[in-house]
Participant: 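This is the structure I want to talk about, given as structure tokens.
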There are 2 protein chains.
Amino acid sequence: MSEAATQTYTRADEAFDCLQTAIVKGDLAPGEKIGEVELCSRFNLTRGPLREALGRLESRGLLVRRPHAGVKVVSVSAEELLELYRIRETMEGLAARQAAERMTDEEIADLQATLDSHEKMIEEAQGQAYYQAEGDYDFHHRIATGSRNTKLAQMLLGDLYYMVRMYRYRLSTSSGRPHMALGEHRRIAEAIAQRDGELAEFLMKRHINAARKNIEKRIQNGTAGV
Amino acid sequence: MSEAATQTYTRADEAFDCLQTAIVKGDLAPGEKIGEVELCSRFNLTRGPLREALGRLESRGLLVRRPHAGVKVVSVSAEELLELYRIRETMEGLAARQAAERMTDEEIADLQATLDSHEKMIEEAQGQAYYQAEGDYDFHHRIATGSRNTKLAQMLLGDLYYMVRMYRYRLSTSSGRPHMALGEHRRIAEAIAQRDGELAEFLMKRHINAARKNIEKRIQNGTAGV
DNA sequence: TCTATCGTTATTGTCAACAATCCATAGATT
DNA sequence: AATCTATGGATTGTTGACAATAACGATAGA
């Protein structure tokens, strides 16, 4: 959640984190038009740092801001959410390939250990979708950073994942997939451990593709009013 | 260069554009540590809008900012530049595929007309690398927007291209490639016109891969002190 | 009754002063 | 002589007030 050792935690950073989690968790509903002073009083901030945070959020695509007309949380349509997964498919495929080539042995061991704890979490917290989502996020996070591709990790972690997580809170992860996803994670980790970049890329793409199809199906069933 | 009809052009937008072009053109050298007041006097701005622009630039990865320690333009290593092209390869491959499926007939006609004018520009301005670079940018820009994938276009146009252009100004485009690149562009456009997404994706990936190898070679030859 | 124009009002954009923090230089100590 | 510490200066972060702008409502005309 928190970045590395930010030497000094400035007010603008605080505002940024507050707003970001608020948007991701849905405390600020998509499409909701909200004023700056309102936000200030709600998060105990002044307008300076707030505006700076707003600018950062805007360039990350989490909210739109029309001059003199206020800010509103971005509302992504169902089609756009699926497009997001298409992007993830290619980018994370690349990340997996590079991770297989570049992760240290320790990192790989950690990755596999992480999967063990995920398995326990799923068994214990049956249906507790939240922990599953966090575990999934953790897995993909490790691979993104493991790619040693600075910009790639930055784009995945800074841009895409926040939007994906934002919609996880509404379309809480589907009931059947956790076990299946864990198995797919295992196979990906295996491929990385064997330093088989091509296979890791293939498996990762298929993994995300499956997740996309799953969402697609649920949307068509009318489960979600995205 | 300029985005769509920004209803009101605010001071912060001005600052953002100024700084961005300054960074891209190299007026602000990479690694250069520069103070806020210095920037203000240089671009006739006040610190408010400037800081907002700084925040946006930072989250786009064009500069880094340590609290109380000033901002400095990001300096990308040769390896990172090559990594950038790996990202482009996958993302623009996707963009080309989706563009083949979704661009309107008019857009495709425009795209091909654009290539004609590019050809003229190359012939007329022999060795004028600048125009070639702009033409190349134009081509890729059209395909990114033609993908009808909002987030994909945003990431390509907002994040990657600025960094790529930034290094184009130092590693001015190689002498031999313009004609070759134009031919590759032609074939990609052809595939899009035939609505062959798979082929368009393949050709685009190969096109960017070739560009990457070209840069790689030039770096090894010691032509560029990135 | 509907539409268009105008004025008000509230919200955002901008500015300049204040406070907090870090960097560098100079001094003292080991 | 080298290193650690402390103080001064400069720079950034923050705050509150001021000005510009667009949305909203009211009024008049069709």
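Here the structure is a predicted model, which means the values were calculated and not measured. Throughout, protein chains are lettered first and strands after them, A, B, ... in sequence-line order, and every chain is numbered starting at 1.
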Participant: Under 4.0 Å between a side-chain N/O of A/Arg66 and OP1 or OP2 of C/dT12, yes or no?
Facilitator: no
Participant: Please give the angle, rounded to 10 degrees, between the axes at the start and the end of the helix from C/dT1-D/dA30 to C/dT30-D/dA1, where five pairs define each axis.
Facilitator: 20°
Participant: For A/Gly35, report the nucleic acid contact type (base, sugar-phosphate, nothing); a contact means any heavy atom under 4.0 Å.
Facilitator: sugar-phosphate
Participant: Starting at atom CZ of A/Arg51, determine the distance to atom P of D/dG16, rounded to an integer number of angstrom.
Facilitator: 16 Å
Participant: Are the side chains of A/Met163 and A/Leu62 in touch, meaning some heavy atoms are under 4.5 Å apart?
Facilitator: yes
Participant: Quick one: side-chain contact (heavy atoms from CB on, under 4.5 Å) partners of B/Asp110, sequence neighbours excluded?
Facilitator: B/Arg142
Participant: Among the nucleotides C/dC23, D/dT14, C/dT14, which one has an atom lying closest to any side-chain atom of A/Arg11?
Facilitator: D/dT14
Participant: CD of A/Glu58 versus C1' of C/dG13: gap in Å, rounded?
Facilitator: 14 Å
Participant: Taking all atoms of both residues into account, what is the closest heavy-atom pair of B/Ser147 and B/Leu152, and its distance?
Facilitator: OG-CD2, 4.0 Å
Participant: Just the rounded figure in Å: distance from C1' of C/dC22 to CD of B/Glu36.
Facilitator: 14 Å
Participant: For DNA chain D, whose closest nucleotide is more 5', that of A/Pro49 or that of A/His68?
Facilitator: A/Pro49
Participant: How long is the line joining CG of A/Leu63 and C1' of C/dT12, in whole Å?
Facilitator: 15 Å
Participant: Any side-chain heavy-atom pair from A/His141 and A/Thr145 closer than 4.5 angstrom?
Facilitator: yes
Participant: So which protein N/O to nucleotides 4-7 of chain D N/O distances come out below 3.5 Å?
Facilitator:
none

Participant: In residues 39-47 of chain B, what donor-acceptor pairs under 3.5 Å come from side-chain atoms, sequence neighbours left out?
Facilitator:
residue	atom	partner	partner atom	Å
B/Ser41	OG	B/Val37	O	3.4
B/Ser41	OG	B/Glu38	O	2.9
B/Arg42	NH2	B/Asp27	O	3.2
B/Arg47	NE	B/Glu36	OE1	2.9
B/Arg47	NH2	B/Glu36	OE1	3.1

Participant: Just the rounded figure in Å: distance from P of C/dT14 to CG of A/Leu54.
Facilitator: 14 Å
Participant: Who passes ring-ring contact (aromatic ring centres under 6.0 Å, His included) against A/Tyr161, sequence neighbours left out?
Facilitator: A/Tyr137
Participant: Please check the phosphate of C/dT14 (OP1 and OP2 only) for any side-chain N or O of B/Thr10 closer than 4.0 Å.
Facilitator: yes
Participant: Do you see a donor-acceptor pair shorter than 3.5 Å between the side chains of B/His118 and B/Asp136?
Facilitator: no
Participant: By nearest nucleotide on DNA chain C, pick out whichever of B/Arg47 and B/Lys33 is the more 5' one.
Facilitator: B/Arg47
Participant: Provide, to the nearest angstrom, the distance between the NZ atom belonging to A/Lys72 and the P atom belonging to D/dA23.
Facilitator: 12 Å
Participant: How many whole angstroms separate atom CD of A/Glu38 from atom P of C/dT12?
Facilitator: 10 Å
Participant: How long is the line joining CD1 of B/Ile34 and P of D/dT12, in whole Å?
Facilitator: 10 Å
Participant: Do B/Met91 and A/Met91 have side chains that approach each other closer than 4.5 Å (heavy atoms only, starting at C-beta)?
Facilitator: yes
Participant: Run the ring-ring contact (aromatic ring centres under 6.0 Å, His included) test against A/Tyr85 and tell me which residues pass, sequence neighbours left out.
Facilitator: none
